[in-house]
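Throughout, residue positions are numbered sequentially from 1 according to the sequence presented.
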Amino acid sequence: MEHTPTIRAELDRFLQQEGLSFSQFGHIADMNRGAVSAIVTGNKPLSIKQLDRITEAMGLPEGHFYDMFVENYIIDHPPNMRRIEPFLFRCAELDKLDAIRRVVGAIMDNLLYSPKLFEIAEGLLEQGRHAAALLLYEGVAEAEKYQHSERLAVCQYRIFTIQVGDDQGLNLKAATLFEPFVERLDEIDQLDALKDLANVYRSLRKWDKVDEIARKMRAKAEIQYSMKHEQRSRERDESVNKLSRPLFVYISYADLLCASVCEARGDYRQALQYTYAYTDLDWVKETDEDNQHWIGLFKHWAEANIIVNKLLSGDIKVLQEYIEYIDAAKDTTQEDRIIQLLNIMITANRYDIDVSDIIKRFKTDILSLSQHSSSDIYTQQVVPDYFAWCGYELAHYYLHRSSYDDGFKHLMYSMVSYHTLNNETYFINCMGLFLHFREHASLETKANFLNLIEKVWMNNVKKNGTGDRRG
């Protein structure tokens with residue numbers, strides 16, 4: 001019969017090999033003789049702090065005994081959360097995800113441990129240890145999948161936000177799995193959940209879903225706003241303070257989203273009506289600095305979007321007005337500049353306008369097109385899609401004006417971006433544009449194009465598990 005190796009036996013073997021007494025080893029490990037003796041004789045369970053000291057004293061890498069710790073002190077033992085909690089946090093620090101996975105699997109048969117495991121997951125999330133937190137949220141969600149609890153809904157929300165990344169295919173799957181749980185969240189938490197869902201669907205250009213969720217968010221936010229001012233209480237104020245934005249923002253942002261939907265559908269008149277709605281914010285009762293900051297943002301966005309809607313609808317005479325607005329704007333971010341350029345390029349391509357002089361104003365922004373940060377779901381999802389789209393529109397503009405070097409440069413950027421985003425539809429659009437102008441591509445550009453196509457093909461082969469069966 002094969003015996004499970006133990007930390008106690010490993011330590012005992014080390015002491016014998018090195019000829020160290022309990023006192024001598026205790027001095028090296030900063031532990032008293034009695035503690036070392038109790039561990040070796042098996043009379044005392046190890047704490048994670050003691051294990052780390054022993055590991056360092058034995059000259060072994062951090063976390064060397066963690067798998068053995070799970071075997072010796074967690075699996076087949078009554079769970080002791082005072083031992084397990086610090087162990088999980090330490091595993092997260094060292095990125096020992098397999099050890100965390102084993103602990104979760106060992107203790108989650110018993111629902112009594114769900115609240116504590118959820119609390120630990122929240123702590124890990126606060127520390128920015130998302131991969132470790134995800135394993136705990138998934139464990140709690142699996143254990144409570146038949147409970148219909150609010151904690152289950154919160155776990156699903158956390159899983160959704162952690163899993164959203166570059167791959168739009170996976171993002172769609174994450175959003176679809178999470179959406180049924182929104183209504184189980186606390187009424188206030190639902191607002192941020194709906195905002196995040198809407199932003200993911202917006203990045204995917206799923207306009208029907210954006211419209212549906214925006215309307216739902218607006219209705220819920222209006223109810224909460226009325227209750228806040230009709231039923232003033234400390235408890236309600238504390239609840240509203242949990243939101244990531246002032247409460248009125250969810251009402252106005254819903255209008256902004258609906259305007260985006262109408263714009264995407266080519267209904268510019270209705271888009272303008274929604275834009276005028278989030279311009280008129282006299283109904284907002286709050287006067288503090290944070291609320292005033294957001295009011296200023298909506299007025300700023302509305303000013304630009306009113307011009308953009310007119311521009312995209314074919315009112316070309318407002319192009320100069322848009323340029324003057326851009327030049328006068330202060331504190332403009334890189335994301336803002338690229339979106340402004342995108343609006344100009346869509347208009348130029350749609351109505352065959354020469355905007356070469358205008359493009360020169362964005363030279364610095366174009367050079368840094370591939371560099372953007374991600375701090376929330378909007379900048380993670382919507383902004384990268386706009387950047388890739390801008391690359392495509394620039395390519396379309398240059399190629400149709402025989403500026404082939406610039407055209408193919410932007411087209412390759414857009415193709416790589418859409419491959420990263422796993423957006424098959426727009427990747428194929430880029431391929432079509434390339435093939436249409438392929439006779440004008442240099443040998444190097446053609447080689448880069450073919451290398452990218454082969455890379456995409458090989459990635460798909462690997463992902464789908466179908467090998468190359470040529471001889």
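With hydrogens and angles left out, the side-chain atoms of Thr445 and Ser442 include a donor and acceptor closer than 3.5 Å. In the model, Tyr137 has a side-chain atom that pairs as donor or acceptor with a side-chain atom of Glu122 under 3.5 Å. Side-chain contact of Asn349 with His400: a donor-acceptor pair under 3.5 Å is absent, judged by distance alone. A donor-acceptor pair shorter than 3.5 Å can be found between the side chains of Asn343 and Tyr322. For the residue pair Gln168 and Asn423, a side-chain donor N or O sits within less than 3.5 Å of a side-chain acceptor on the partner. Tyr274 and Asn305 are not linked by any side-chain donor-acceptor pair at a separation below 3.5 angstrom, with hydrogens and angles left out of the test. Of the N and O atoms on the side chains of Asp354 and Ser356, at least one donor lies less than 3.5 Å from an acceptor on the other residue. Checking Asp196 against Tyr157 by side-chain atom types alone, a donor-acceptor pair falls below 3.5 Å. A donor-acceptor pair shorter than 3.5 Å can be found between the side chains of Thr333 and Asp336.
Looking at Val355 and Lys360, their side chains never come closer than 4.5 Å, going by heavy atoms from C-beta outward. Side chains of Ile100 and Lys96 form no contact here, defined as non-hydrogen atoms less than 4.5 Å apart. At least one side-chain heavy atom of Glu179 sits less than 4.5 Å from a side-chain heavy atom of Glu212. Contact of the Leu125 side chain with the Arg129 side chain is not registered, since no non-hydrogen atoms from C-beta on lie closer than 4.5 Å. Inter-residue side-chain proximity for Ile453 and Phe427 is flagged as met; some heavy-atom pair is nearer than 4.5 Å. Put simply, the side chain of Glu454 does not reach to within 4.5 Å of the side chain of Leu450, judged on heavy atoms. The shortest distance between side-chain heavy atoms of Ser417 and Tyr413 falls below 4.5 Å. Side chains of Trp283 and Ile251 form a contact here, defined as non-hydrogen atoms less than 4.5 Å apart.
The pair Arg102-Asp98 fails the salt-bridge criterion, with no side-chain N (NZ, NE, NH1 or NH2) lying under 4.0 Å from an Asp/Glu carboxylate O. Under the 4.0 Å criterion applied to side-chain N and carboxylate O atoms, Lys49 and Asp52 are not assigned as salt-bridge partners. Salt bridge annotation for Asp365-Arg337: present, with a cationic side-chain nitrogen under 4.0 angstrom from a carboxylate oxygen. By the 4.0 Å N-to-carboxylate-O rule, Glu183 lies close enough to Lys220 to be salt-bridged with it. Ion pairing between Asp352 and Arg401 holds under the 4.0 Å rule for side-chain N and carboxylate O. For the pair Glu321 and Lys310, the salt-bridge criterion is not met [side-chain N within less than 4.0 Å of a carboxylate O].
With His410 as the fixed residue, the ring-ring contact (aromatic ring centres under 6.0 Å, His included) test singles out one of Tyr397, Tyr398, Trp389: Tyr398.
Distance alone, capped at 3.5 Å, places no donor-acceptor pair between the Arg158 side chain and the Cys155 backbone. Gln270 places no side-chain N or O within donor-acceptor distance of the main-chain N or O of Cys262, the cut-off being under 3.5 Å. In terms of modelled atom types and a separation under 3.5 Å, the side chain of Ser414 and the main chain of Ala388 share a donor-acceptor contact. Asp211 places no side-chain N or O within 3.5 Å of a backbone atom of Trp207 that could act as its donor or acceptor partner. Ser260 contributes a side-chain N or O that, together with a main-chain N or O of Leu256, makes up a donor-acceptor pair within less than 3.5 Å.
Evaluation of the side chain to side chain donor-acceptor pair (under 3.5 Å) rule for Arg205 yields Asp385, Tyr418, Tyr426 as partners, not counting sequence neighbours.
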Legend entry - Residue pair Tyr325, His300: steps toward the ring pair (Phe, Tyr, Trp, His ring centres under 6.0 Å) verdict: CA-CA 10 Å; Tyr325 164 81; His300 171 67; 5.6 Å; yes

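Going from atom CZ of Arg151 over to atom CD of Glu144 covers 4.0 Å, rounded to the nearest 0.5 Å. Rounding to the nearest 0.5 angstrom, the gap separating the CG atom in Asn291 from the CD atom in Glu286 is 4.5 Å. If you take CG on Asp267 and CD on Gln273, they are separated by 10.0 Å, rounding to the nearest 0.5 Å. One distance of note links OG of Ser403 with NZ of Lys409; it measures 11.0 Å at 0.5 Å rounding. With values rounded to the nearest 0.5 angstrom, Cys390 atom SG is found 7.0 Å from Ile366 atom CD1. Residue Ile74 holds its CD1 atom at 5.0 Å from CD1 of Ile84, rounded to the nearest 0.5 Å.
Ring geometry, Trp294 versus Trp301: the interplanar angle exceeds 60°, so the pair is classed perpendicular (tilted spans 30 to 60°).
Enclosure of atom CD in Glu303 by more than 12 non-hydrogen atoms of other residues, nucleotides or ligands within 6.0 angstrom is indicated. Remark: Arg438 CZ is loosely packed, at most 12 non-hydrogen atoms of other residues, nucleotides or ligands lying under 6.0 Å away. Other residues, nucleotides and ligands place more than 12 heavy atoms under 6.0 Å from the NZ atom of Lys299. The neighbour count for Gln320 CD, taken as heavy atoms of other residues, nucleotides or ligands under 6.0 Å away, is above 12.
In this structure, Arg218 is not positioned above the aromatic face of Tyr250 in the sense of NZ or CZ being under 6.0 Å from the six-membered ring centre and within 45° of the axis. A cation-pi contact, defined as under 6.0 Å to the ring centre and within 45° of the axis, is absent between Lys206 and Tyr201.
In this structure, the ring of Phe298 has its center no less than 6.0 angstrom from the ring center of Tyr253.
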